[in-house]
Amino acid sequence: MALDQFPKAYEPARVEEKWYSYWLEQAYFRAEADPERTPFTIVIPPPNVTGSLHIGHALNNTLQDIIIRRRRMQGYATLWLPGTDHASIATHIKIEEALSKEGTNRFNLGREKFMERAWAWKEQYGNTIISQLKRLGCSCDWSRERFTMDDGCSRAVTEVFIRLYQKGLVYRGDYMTNWCPTCRTVISDLEVEHEDTAGKLYHVRYPMASGEGYITVATTRPETILGDTAVAVNPEDRRYAGLTGQMAVLPVVNRHIPVIADHYVESTFGTGAVKVTPAHDPNDFDMGVRHGLPAVTVIGQDGRMTAEAGPYAGLDRYQCRRRLLEDLDELGLLVKVEDHQHALGHCHRCNSVVEPLVSRQWFVRMKPLAAPAIEAVKQGKVRFIPERFTRVYLNWMENVRDWCISRQLWWGHRIPAWYCQSCGELEVSERTPAQCGRCGQDQWEQDPDVLDTWFSSALWPFSTLGWPEDAQDLDFFYPTDVLVTGYDIIFFWVARMIFMALEFTNEIPFSEVFINGLVRDAQGQKMSKSKGTGIDPMEVISKYGADTLRFSLVVGNAPGNDIRFNWEKVEGARNFCNKIWNAARFILMNTEGFEPSASPPKLGTWDRWILGRLDRVVADANRALDSYDLGEAAQRLYDFAWNELCDWYLEVSKLALGDPEHRDAARYTLYKTMETTMRLLHPFMPFITEEVWQALPHAGTSVMLAEWPQATGEAYERENAGVQMVMAGIRAIRNLRAEFGISPGKPVEVLLRPADNTRSTWQEMVPVISRLAQADPVRVDEGAARPAGSATAVVEGASIYLPLAGLIDFDRERERLKRDAAGIRLELDRTMARLANPSFRQRAPHDIVDKEEAKRRQFEERLERLEHILSLLSGGDG
RNA sequence: GGGCGGUUAGCUCAGUUGGUUAGAGCGCAUGCUUGACAUGCAUGAGGCCAGGGGUUCAAGUCCCUUACCGCCCACCA
């Protein structure tokens, strides 16, 4: 071991790139479809191709890497399949922003040029996030990297669209859709974010055509008045009974519209009369269908009023609102304006207020697809972790509405539908159809629209493995095992993968969905680039290293919970790396020339103790990992490595290392414990563990391929009990030293009076006590009387006396011991009360009762000693 | 309008199927150049586990309820 490679402080920059390159060169991430082994597959949630890694990605991919690295070590044929998403609308917006800066736009540029531009953009930025994932340490099989718009994925998209169309599960039609006037496209219901907004409710009077009376409607969007084609009232509403069937006059445009009766109308809201605008409101659209009303489109796709809006044509929708209100007021028809809170739809991408519009779009018929997807989850074939997300999924799926999949965008998968320019015939096919079956002409034009980004994402688990071909990867690695993703895309993505997979592969896409929370800033707010509250994970990696970032994101967090990012936690993780590093340095310094293959030497109590604890932490970590409690597993390993291995075993081993008789046992144990700990920590902290593991004697070429530890069940209970007792004794001595201000370098004399049957344990531990408590000499004497003027502690198994004549304040010492006694008595009383309860003895399990008995004995015994000492003290021999 | 999550030490959070004296990190206090580590070591202080009710031999944990915080879904204009 060359210690010069091991500086006092861990320097991640010295090791991370080295080992990542090594893993890549050795192709250790490469998956093999090996029929001898069980496959374990994860497909990455593909990040946006032009994006960069944010802290949420860092968390999500760390979790995946932990899972996949452990499975790889366990011997599974693992595949972590990486890739990127074309992110149709998101990318579109970015490119359009760039164009806008150049003073142009996509319509000026034209579709072909725009696409060239988009591909160039993708080439330029597409690698950013991939290289960032590599820096994070992700062990993806890069040879299988995919892109949602590559040939294979595109092929799958076309295939799926055509098959759905042929089954009648994709249809085209004029329906109410959500239009984003800024993005200039329709968006799906999911892409509309509802936000409670303080608005107004305007009461507007419509004169009756008969010339007699009015009917007053209430609306939040007065500009849609221009598109009204009816006024509706509830048929039970007596107030309007006489008006139903009559005509009202639409103000300003003077169109005559009927008053109709419809149960949809709530008599108690507003005036009980609703203006009906079938072209601009989903409910009104339905009413229009029920009553055969015409739809008049008054707001265009640019958010401006159309020619149908008469005098308001050309105005922006909000300008129109203001003008129209002025005009109505002037006419005396605006009778009341109330404050009104309502949910306004905003575009998920650009935050513009979404305009409901009727337009001709493509839809996926959801009911038939949802049914099996609901069943699969209900039957537990797909399991959500944590379980509560099952209900979120089911609730959405059970109420799902048809999915609008066409987008008036260019970057994406173009819809494989063709229209005959001569007769209007529609043909859905992969390539341009030959000849129109209806009119015999050959003038086809492809649908200009592209598909919703999530349409291709929905196919990701199987399209990336080769579907629709009969591919070897698909055969071996599919269905995948676990999907790791955030709860924010359960509907967008998870749900859609499930129904698409069931429809096209007849199998679930994954059997488990491991949901992770959001990473929030220190104030608990969502991180936002625009607000400058975002943390750049690359900055954390540069400053502290990837292992630190990974560990800080994972340790101590419960599945599905949001995480609050804070730098203190990062520093904590960095300190842990450093702790590991220095423990490794210590062990390397002391295991030179050590041969791990040599048969194990005779082990001492502490050796067996730490090996027992190690076995225990292996069991605990495995149990936690099996149930996706990654944060708990990390915490257990942290606690073991720091509090047991470093704080105790390493310190104790210093004695043994200086003693020829025990040296080999200590070296063996140090090595064994450290090597196993590195394997356990490797999924969490791949770089530092590789560096340390490689420096230790080892068999094999990389820790990432070493065998994952399994518990043997060798707990060394007896050693553990003895060691726990001695630790408490050492702590008590240290405590007394601190209490009485004994300077640290000064050895203190200790007289230890052991309780029954513990003498040999204490006796054996004298050198350890001496070293760890700075105690010298340490005498163990069963019959020892308390020396006058002693500081005293009573622990389980012993009374401890520090003869400190002159330093002890007699009264204070007595008070201190009285407090101790009172504390023990409190516990003893509680235990006695429990044991005195007959129903406790009757109903509690035996082992619980036994434990309680043991507790009582222990408390009694300690209390007895304490009280004996107190009686001596009151006798005056302080 | 439905639904979900949270409320545990000053702060950020763990807490398995109910079962020792409720834990950690940070912060705080005191003292330390102990030959792996001051990114460290030792010792200590700090908790009516949000309030109320219930189930149970036993509740931070299960049930009901209230309050506050956060989130998701939702076509009352």
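Below, chains carry the letters A, B, ... as their sequence lines are ordered, and counting in each starts from 1.
Checking A77(B), A74(B), U21(B) against the side-chain heavy atoms of Phe269(A) singles out A77(B) as nearest. Closest to the side chain of Thr831(A), from the set U21(B), A77(B), A74(B), is U21(B). Side-chain proximity of Arg830(A) to U21(B), A77(B), U39(B): nearest is U21(B). Between U16(B), U21(B), A77(B), one nucleotide has an atom nearer to the side chain of Ala218(A) than all others, and that is A77(B). Nearest nucleotide to the Arg391(A) side chain, out of G19(B), G3(B), U21(B): G3(B).
Sorted by residue number, the members of residues 259-268 of chain A with any non-hydrogen atom under 4.0 Å from RNA chain B read Tyr264(A), Val265(A), Glu266(A).
In this model, the phosphate group of C73(B) is not approached by any side-chain N or O of His194(A) to a distance below 4.0 Å at OP1 or OP2. Phosphate proximity of U39(B) to Arg574(A): absent, as no side-chain N or O sits under 4.0 Å from OP1 or OP2.
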B/S/- contact track for nucleotides 25-37 of chain B, protein heavy atom under 4.0 Å: SS----SS---BB

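Ring pair Tyr393(A)/Phe384(A) is tilted by interplanar angle, where 30° to 60° counts as tilted. Ring orientation note: the planes of Phe576(A) and Trp642(A) are close to parallel, at an angle under 30° on the 30°/60° scale.
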For residues 554-562 of chain A, please give each side-chain donor-acceptor pair under 3.5 Å, one per line with the distance, not counting sequence neighbours.
unit_1	atom_1	unit_2	atom_2	d
Asn557(A)	OD1	Lys569(A)	NZ	3.4
Asp562(A)	OD1	Tyr487(A)	OH	2.8
Asp562(A)	OD1	Leu518(A)	N	2.8
Asp562(A)	OD2	Tyr487(A)	OH	3.1
Asp562(A)	OD2	Arg520(A)	NE	2.8
Asp562(A)	OD2	Arg520(A)	NH2	2.9

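Taking 4.0 Å as the cut-off between side-chain N and carboxylate O, Glu355(A) and Arg221(A) count as a salt-bridged pair. We find that Glu632(A) and Arg636(A) are joined by a salt bridge, their nearest charged nitrogen and carboxylate oxygen being less than 4.0 Å apart.
Between the side chain of Arg623(A) and the base of U16(B), at least one donor-acceptor pair of N or O atoms lies under 3.5 Å.
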